[in-house]
Amino acid sequence: MGDREKPQSEAELAIRKKQLLTKGVKYLLDVMFWMGILVTVSLPFTIKFIGQYYEPVIENYQESVIIYFVLGVAALVLIRELRRIFRTVLNEDCFVMENVVSLRKMGDWSFFIAGMSVVRSLVYLTVAMLVVILVFVIAGLFSKVLAMVFEEAVRCKEENDLTI
């Protein structure tokens with residue numbers, strides 16, 4: 001074949017695609033985390049700006065800043081846990097108890113976000129916030145179930161590691 005690369009097998013291509021996807025998602029989570037910090041810190045200014053176009057936000061300025069700040073911090077904690085899980089995926093060692101703990105925390109934080117969104121809806125209700133509540137309740141349930149699945153996988157892995 002000379003100086004041309006030899007064609008990759010289907011298995012090698014599949015591994016390469018998996019690695020690219022995993023790294024891509026990890027970088028996306030990194031960007032989301034750092035942008036989330038920027039958005040959360042800039043809330044007092046952005047809420048004033050949005051209030052020029054959407055009256056309920058400016059009418060409830062202090063409440064909006066506090067509620068969205070709390071929601072922003074909760075979302076950042078949730079993303080941080082997801083970033084921790086992705087580190088183990090990149091290391092190809094994802095069935096560990098740390099991921100079970102992270103998934104449980106993600107479930108807790110998802111329920112917290114849903115609860116805070118209910119509080120936010122008491123200040124002013126939008127259809128979008130009802131969707132957010134539903135999404136985070138489902139995410140919380142999914143995380144809790146996934147934590148149980150991972151816990152069982154970790155148990156099986158540890159059992160197999162002890163087998164000679």
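All values reported here derive from a predicted model rather than from experimental measurement. Every heavy atom of this structure was used, including side-chain atoms; hydrogens, water molecules and symmetry mates were not.
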Under the side chain to side chain donor-acceptor pair (under 3.5 Å) test, which residues partner Thr22, sequence neighbours left out?
none
Any residue meeting ring pair (Phe, Tyr, Trp, His ring centres under 6.0 Å) with Tyr53, in chain and number order, not counting sequence neighbours
Phe49
Salt bridge (Lys or Arg N to Asp or Glu O under 4.0 Å): which pairs involve residues 19-41, sequence neighbours left out?
Lys26-Asp30, Asp30-Arg83
Salt bridge (Lys or Arg N to Asp or Glu O under 4.0 Å): which pairs involve residues 51-74, sequence neighbours left out?
none
List for me each residue that meets ring pair (Phe, Tyr, Trp, His ring centres under 6.0 Å) alongside Phe86, sequence neighbours excluded, and say none if there are none.
none
Please enumerate all residues that pass side chain to side chain contact (heavy atoms under 4.5 Å, CB included) together with Arg84, with sequence neighbours excluded.
Arg80, Glu81, Arg87, Ser102, Lys105
Set of residues satisfying side chain to side chain donor-acceptor pair (under 3.5 Å) with respect to Glu159, sequence neighbours excluded
Arg155
Suppose we screen for side chain to side chain contact (heavy atoms under 4.5 Å, CB included). Which residues come up paired with Leu125, at least two apart in sequence or across chains?
Ser121, Leu130
The side chain to side chain donor-acceptor pair (under 3.5 Å) partners of Gln19 (sequence neighbours excluded) come to none
May I have all residue pairs that pass salt bridge (Lys or Arg N to Asp or Glu O under 4.0 Å) and include part of residues 108-130, sequence neighbours excluded?
Asp108-Lys144
Mind jotting down which residue pairs meet the ring-ring contact (aromatic ring centres under 6.0 Å, His included) criterion with at least one end in residues 122-162? Sequence neighbours excluded, please.
Phe95-Phe150
Which ILVMFWY residues can you reach from Leu122 by hopping between side chains whose heavy atoms are under 4.5 Å apart?
none
